[in-house]
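Here the structure comes first, spelled out in structure tokens, and everything after it is commentary.
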2 protein chains.
Amino acid sequence: MADRFVRRIPEPTVVRLPVYQRALLALSAGGVQTVSSAELAEAAGVNAAKVRKDLSHLGTYGTPGTGYDVNFLLGQVRRELGLDREWQVVIVGMGNLGHALARSQRFSTQNFRAVALFDIDPDKIGEEVAGLPIRHISELQAVVGGISRSIGVIASPASVAQDVCNRLVEAGVAAILNFAPAILTVSRPLQLRQVDFSVELQVLAFYVAHPEVTVEPEDASLSGL
Amino acid sequence: MADRFVRRIPEPTVVRLPVYQRALLALSAGGVQTVSSAELAEAAGVNAAKVRKDLSHLGTYGTPGTGYDVNFLLGQVRRELGLDREWQVVIVGMGNLGHALARSQRFSTQNFRAVALFDIDPDKIGEEVAGLPIRHISELQAVVGGISRSIGVIASPASVAQDVCNRLVEAGVAAILNFAPAILTVSRPLQLRQVDFSVELQVLAFYVAHPEVTVEPEDASLSGL
DNA sequence: CATTGTGAACGCCTTCACAGCC
DNA sequence: GGCTGTGAAGGCGTTCACAATG
């Protein structure tokens, strides 16, 4: 089933691919040559059937009786995730979170690169973070306009998140990752994902407050995700 | 169907409750007294049927022909989420992210309170952030031990996340929110959630790289979540 | 008459289990 | 013998559509 033309990959699978990728990266760095679905499952915190089904969506890359070639599979997963090209990321809102994101070391290994930082506070303009100057938000259009497939990150307060979003959409970003606690509306179809600290805390609070409905983690070891 | 005894609430519903809560908070602050499922749906970026089904899991709080009383519903949602008590949060790892989290203003309105900050770097110990001193990780057990139902937040590098996790578990936290890109294993059952910046970026990259399998947002306006 | 609450239908992901292959 | 790939079964959340209701 290697290449049916329109390979529809379920979203839950897409979300697990980065986790597999990370696990494979670690295995590869450790010199491991082959993994079974069971081993990869343990490293990723899921069960083996799910790993096999997930990977089968990418192609037939395993060898019965042996498992998967770590480096080959890693390459396939990275290619599937689009990590074989560089992604340029612009960050809007250089408060603590913006600083944390800009300095994040997760960019380099994953082929994401912060290329521009923006804020609206005049006091911050010009300050350098991670080797990049903070620019005024009004320059966003000019700076981002030229980039082909960029990702915009919103790290601003919720009160201005929709405005920032509008500017990013207008500037032509291909996708937006929003850290502000706000529901955003976009005027053209683009990828939009939400990361919300306080939602996660509240979900945790719910489950602690309702131990009777607690969902137990699956499989070997009580792992997360 | 107000109070079947073991009200099992589906996890997707639990995750949406904080979003409804935020929308209701805004409506309440705006003096709105009543909302229909359609209005709440628009504010939360979901569809009306989902809102009604979700809320029906909490109880029969709506009025046919009218809608829901904003303040009453808000109270019920908050109670359900366990936000009618204060949750004490400890943060481990006071890099940029830890600072951002500690200073987050989302704590107060949601009844979450940062009560202790930890790091391992001697240079940081004693520094004050948001009115709290940074303590050495070795004090974790002593400080957290006394708290009844606390939430631990891991904002450390991935390399030490499992160690931090072990310490938190041992100290007796009721739940853990992990920001480090690592799959954690816990030795006793507790709530564990993962927030992963780079996973989100990679998912965005996937969908931008595969426009043919793009999942369109639902409903009115192209909204997030 | 607008709007809720909810059975029923639907669709989709997960899990099972095993044939097939190395 | 060990392990993959996958049809089939199962489980669960979403959506539909409408009876019930203020």
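The analysis underlying the following values was restricted to heavy atoms, covering all of them including side chains, and did not include hydrogens, waters or symmetry mates.
- The backbone N or O of B/H99 sits nowhere less than 3.5 Å from a side-chain atom of A/N96 that would complete a donor-acceptor pair.
- We find that NE2 of B/H57 is positioned 12 Å from P of C/dG5, with the value rounded to whole Å.
- The shortest distance between the side-chain N/O atoms of B/S37 and the OP1/OP2 oxygens of C/dT4 is below 4.0 Å.
- In this structure B/F179 satisfies the ring-ring contact (aromatic ring centres under 6.0 Å, His included) test together with A/F197, sequence neighbours excluded.
- Put simply, the side chain of A/H210 gets close to the backbone of B/E80: a donor and an acceptor are under 3.5 Å apart.
- Spacing between atom CG of A/L58 and atom P of D/dT4 amounts to 15 Å, rounded to whole angstrom units.
- Summarising the geometry, the separation between CZ on A/F72 and C1' on D/dT4 is reported as 15 Å, rounded to the nearest angstrom.
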N/O contacts under 3.5 Å, protein versus nucleotides 16-22 of chain C?
from   : atom 1 : to    : atom 2 : distance (Å)
C/dA17 : N6     : A/R52 : NH2    : 3.3
C/dC22 : O4'    : A/P64 : O      : 3.4

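- Between the OH atom of B/Y61 and the C1' atom of C/dT6 there is a distance of 17 Å, rounded to whole Å.
- Of the possible donor and acceptor atoms, none in the side chain of A/Q110 sits under 3.5 Å from a partner among the backbone N and O of A/L83.
- For residues 52-66 of chain B, the salt bridge (Lys or Arg N to Asp or Glu O under 4.0 Å) pairs, not counting sequence neighbours, are B/R16-B/D54.
- OP1 or OP2 of D/dG5 lies within a sub-4.0 Å distance of a side-chain N or O belonging to A/Y68.
- Atom NZ in B/K50 sits about 18 Å away from atom P in D/dC12, given to the nearest Å.
- A/D54 places its CG atom 12 Å from the P atom of D/dG5, with the value rounded to the nearest Å.
- Counting only residues at least two apart or in different chains, salt bridge (Lys or Arg N to Asp or Glu O under 4.0 Å) contacts with residues 174-183 of chain A are absent.
- With sequence neighbours excluded, the residues satisfying salt bridge (Lys or Arg N to Asp or Glu O under 4.0 Å) with A/E200 are B/R193.
- With rounding to the nearest 0.5 Å, the separation of CZ in B/F112 from CD in B/E86 is 10.5 Å.
- Within the 3.5 Å criterion, the main-chain N or O of B/A48 finds no donor-acceptor partner in the side chain of B/E42.
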Taking only nitrogen or oxygen atoms into account, show me every contact under 3.5 Å that the protein makes with nucleotides 9-13 of chain C, one pair per line with its distance.
from   : atom 1 : to   : atom 2 : distance (Å)
C/dC13 : OP1    : A/R8 : NH2    : 3.4
C/dC13 : OP2    : A/R8 : NH2    : 3.0

